[in-house]
Amino acid sequence: MTSTRHLGALDHLSGSQISTLMMRYYAGEPVRPLLVEFEVECGPGNLWKHFPPIPTGEACPACGAALVERFSGRTSSAAKRAPVIRCGSCRHRESRDCVCGRCCARREKTREADESRRRNAIADFCAAQWDYSVQDISPTQLSAKVALALLCVVRSGGWLSPTTVGVLDGDHPRFAPFPVEFYNSIPLAVITNQLAAPSPDSPPEGFINDTAGSLTWRLEGVHWQLLMRNPSNFVHELELLIASRAWPLDWTEELRKFWHELAIAECIEFAVVIALKRELPIPCDLGLTQLLKNLLVDYSVSQIFELLQAAIEDTADFVARGYITPKRAENFIVGACQRRADRARADGSTIEGLQRDPMLGRTQASYLLHDVFLGHGEDGFFQVIPRA
C-alpha cells in the first residue's frame, strides 16, 4: 500500500479543509472535481488513502501505542466504510479477525480451551454410556452373528492401534446395505456383547448435539475401542476358527438366518433405489418386508431383483398412463411383484435374475458372509437360501 500512497498529498490543506474534503467524499460527491477544487494530486481511487487517522485517546492492548481510526474507500461495503480502529505502531486491529500476535495467541488459547471442554464432555458421555472393562473371552464363545459383526467392524474400520479401529463410513466396500435397522444391528451387536464400544478419542465430529442440545453420537462417525484381551490376537484366532470350519454347533443355522436378513436388506435397498430412479414413492416397509419373506422361499436375491424391477417398471407405466395415482404406487409395487412371482410359480417360469446394480456394489457384510464364512462367494447372490 505504501507504494501507491502519495505521502503529503494533503499537506497543503488545513485541518478544517481536510474535514470538509472527507465529509464531501463520503457524501458521495464525484472525486475528480474534488481533486481539482482542493488541488490534490493523486488518483481518484487513492484519495481515501491519504485521509489522516484520528487518535482515539486509547492505548493499544497489544503494544501500548496509541490507537487511531482509519478510513476505507467509499466503494467498499458499508461495513468497511465505517472507521476501523487500528494501532499506529503494531498490526493490532480492533476486530474479531485481527492478525496481530496477541490476538492470534488469544484465539488459539480460546480454541484449545473449547476443544479441551468438548473432549472432556465426550469422555464423560462415553463413560456414562458404555463399560470399557476388558473381557476375558475366546472366539468360540461368540455367536455366529456376533463373530461376523466383530469382523465387519474391524475390517471396515481398519486398525489404528493395537486396541482401536477406525470409522465405518468407508466407501470401498460399503459397510452394509442402508436400511437403518439392518445397518445398525451389526455394530450394536458388538456393543451389546461388550466386544467394542465407541472410543472417547474418536474424531469430535463423531459426537454431535441433538435437537435438545444434549450430546449424542454418530454410529458411522466414531472409532471403536476393542474390549477383549490382546484384540489383534483375538481377531486372528477368530479368523482361524472360521477358516477351520470346526464351528460351534449352532453357527450354521445362525449364518443361514443372517443370510436371510442380509438378503431382505439388499432387496429393500434395491427397491428403494429403483423406485426413486423412476420418481415413484418408496414401497411400504411392512408390505415390502412381508413380500420379500414370501419370495425368498423360492427365489435368490438376483431373481428378486428382476421381479422388483419389473414390478416397478409396470407401476411407473400405470402412473404415466393415469391408471393409478402416485399415492397408490407404493402399495401397487408390492402387489405387482407378488402377482408376477405367483404367476411364475404357477407356470413354472424361469426367472433369470439380474446382476447387482452398479450403484449398489457388494458390502463388507456380504463379503464376510459369503466369502469368509460360507465360502461360496458371489454365488450367494444367485442361490436360493437353503431352508432350515
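Note that these values count all heavy atoms, side chains included, but never hydrogens, waters or copies made by symmetry.
Residue pairs meeting the salt bridge (Lys or Arg N to Asp or Glu O under 4.0 Å) criterion with at least one member in residues 27-36, sequence neighbours excluded, are Arg24-Glu29.
For the atom pair CG of Asp136 and CD of Gln141, the computed distance is 8.0 Å after rounding to the nearest 0.5 Å. A distance of 9.0 Å separates CD of Glu254 from OG1 of Thr252, quoted to the nearest 0.5 Å. The SG atom of Cys267 sits 8.0 Å away from the CG atom of Leu295 when rounded to the nearest 0.5 Å. Between atom NE2 of residue His236 and atom CG of residue Asn230 there is a gap of 11.0 Å, rounded to the nearest 0.5 Å. Interatomic distance, Gln129 CD to Trp217 CH2, rounded to the nearest 0.5 Å: 9.0 Å. Taken from OG in Ser300 to CD in Glu306, the straight-line distance is 9.5 Å, to the nearest 0.5 Å.
Phe381 is connected to Met359 through a chain of hydrophobic side-chain contacts under 4.5 Å among Ile, Leu, Val, Met, Phe, Trp and Tyr, so both are in one cluster. Clustering ILVMFWY residues whenever any of their side-chain heavy atoms sit less than 4.5 angstrom apart, transitively, puts Ile186 in the very cluster that holds Leu360. With hydrophobic clusters built from ILVMFWY side chains whose heavy atoms lie under 4.5 angstrom apart, Ile122 does not share a cluster with Leu160. Follow the hydrophobic side-chain contacts under 4.5 Å out from Val68 and you never reach Ile85; the two are in separate clusters. Under the 4.5 Å side-chain contact rule for hydrophobic residues, Leu308 and Ile324 share a cluster.
Glu108 places no side-chain N or O within 3.5 Å of a backbone atom of Ala105 that could act as its donor or acceptor partner. Between the side chain of Asp210 and the backbone N or O of Gly213 there is at least one donor-acceptor pair closer than 3.5 Å. Looking at Gln225, its side chain never comes within 3.5 Å of a backbone N or O of His223 through a donor-acceptor pair. Within the 3.5 Å criterion, the main-chain N or O of Gly353 finds no donor-acceptor partner in the side chain of Gln303. Distance alone, capped at 3.5 Å, places no donor-acceptor pair between the His50 side chain and the Cys42 backbone. At distances below 3.5 Å, not a single donor-acceptor pair connects side-chain atoms of Trp130 with backbone N or O atoms of Ala127. Judged by distance alone, with hydrogens and angles left aside, the side-chain atoms of Ser202 form a donor-acceptor pair with the main-chain N or O of Ser199 at under 3.5 Å. Looking only at distances, a side-chain donor or acceptor of Arg218 sits under 3.5 Å from a matching main-chain atom of Glu205. Between the side chain of His92 and the backbone N or O of Val99 there is no donor-acceptor pair closer than 3.5 Å. Counting only distance, with no hydrogens or angles, the side chain of Thr192 and the backbone of Leu188 share a donor-acceptor pair below 3.5 Å.
Looking only at side-chain heavy atoms (C-beta outward), Cys126 and Tyr132 come within less than 4.5 Å of each other. Here the side chains of Asp201 and Thr164 are not in contact, with every heavy-atom distance at 4.5 Å or above. In this structure the side chain of Leu67 never reaches within 4.5 angstrom of the side chain of Arg86, judged on heavy atoms. Phe178 is listed as a side-chain neighbour of Val272, based on a closest heavy-atom distance under 4.5 Å. A 4.5 Å side-chain heavy-atom check between Leu369 and Leu262 finds at least one atom pair inside the cut-off. For the pair Cys337 and Leu291, the minimum side-chain heavy-atom distance is below 4.5 Å. In this structure the side chain of Cys103 reaches within 4.5 angstrom of the side chain of Arg107, judged on heavy atoms. Here the side chains of Leu280 and Leu276 are not in contact, with every heavy-atom distance at 4.5 Å or above.
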ask   = Could you go step by step and tell me if Phe38 and Thr20 meet the side chain to side chain contact (heavy atoms under 4.5 Å, CB included) rule?
value = CA-CA 10 Å; Phe38 287 88; Thr20 300; 4.3 Å; yes

ask   = Checking salt bridge (Lys or Arg N to Asp or Glu O under 4.0 Å) for the pair Glu269/Arg174: CA distance, chi angles, key distance, verdict?
value = CA-CA 13 Å; Glu269 183 178 67; Arg174 297 180 298 134; 2.7 Å; yes

key: Check against side chain to side chain contact (heavy atoms under 4.5 Å, CB included), His370 and Glu378   = CA-CA 7 Å; His370 294 299; Glu378 184 66 333; 5.6 Å; no

request  = Using the side chain to side chain contact (heavy atoms under 4.5 Å, CB included) rule, take Leu238 and Leu151 through it: C-alpha gap first, then chi angles, then the decisive distance, then the call.
outcome  = CA-CA 9 Å; Leu238 175 58; Leu151 277 187; 3.9 Å; yes

inquiry  = side chain to side chain contact (heavy atoms under 4.5 Å, CB included) for Leu21 and Leu13? Distances and angles first, verdict last.
reply    = CA-CA 10 Å; Leu21 173 61; Leu13 301 177; 4.1 Å; yes

request  = Show your reasoning for whether salt bridge (Lys or Arg N to Asp or Glu O under 4.0 Å) applies to Asp371 and Arg362.
outcome  = CA-CA 11 Å; Asp371 292 28; Arg362 292 184 69 188; 2.9 Å; yes

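Residues Leu10 and Ile18 approach most closely at O-CD1, 4.0 Å, considering heavy atoms. The shortest non-hydrogen separation linking Pro326 to Val319 is CG-CG1, 4.0 Å. Contact between Leu354 and Phe382 at its shortest, heavy atoms only, is O-CE2, 3.9 Å. The two residues Cys87 and Ala65 have their closest heavy-atom pair at SG-CB, 3.9 Å. Here the closest heavy-atom approach between residue Trp224 and residue Gly166 is recorded as CD1-O, 3.4 Å. Contact detail for Ala176 and Tyr183: the closest heavy-atom pair is O-CD1, 3.8 Å.
The pair Glu261-Lys145 meets the salt-bridge criterion, since a charged nitrogen lies less than 4.0 angstrom from a carboxylate oxygen. Arg155 has a carboxylate O that lies under 4.0 Å from a charged side-chain N of Glu239, or vice versa, which qualifies the two as a salt bridge. Look at Asp114 and Arg119 and you find no salt bridge, because none of the NZ, NE, NH1 or NH2 atoms lies under 4.0 Å from a carboxylate O. Between Arg340 and Asp314 there is a salt bridge, since a side-chain N of the basic residue sits under 4.0 Å from a carboxylate O of the acidic one. Contact check on Arg256 versus Glu253 returns a salt bridge, with a Lys/Arg side-chain nitrogen under 4.0 Å from an Asp/Glu carboxylate oxygen. A salt bridge does not link Asp342 with Arg339: none of the charged nitrogens is closer than 4.0 Å to a carboxylate oxygen. Under the 4.0 Å criterion applied to side-chain N and carboxylate O atoms, Arg321 and Asp317 are assigned as salt-bridge partners.
At least one cation-pi condition fails for Arg229 and Phe234: the charged atom is not both under 6.0 angstrom from the six-membered ring centre and inside a 45 degree cone around its axis.
For Asn233 and Glu237, the side-chain atoms include at least one donor-acceptor pair closer than 3.5 Å. No side-chain donor-acceptor contact under 3.5 Å links Thr315 and Glu330. When only modelled atom types and interatomic distance are considered, Ser14 and Gln17 share a side-chain donor-acceptor pair under 3.5 Å. Using modelled atom types, one finds no donor on one side chain facing an acceptor on the other under 3.5 Å when comparing Thr363 with Ser366. A donor-acceptor pair shorter than 3.5 Å can be found between the side chains of Thr140 and Ser138.
Aromatic rings from Phe373 and Phe258 are positioned such that their centres are separated by 6.0 Å or more.
Relative orientation of the Phe207 and Phe125 rings is perpendicular, given thresholds of 30° and 60° on the angle between their planes.
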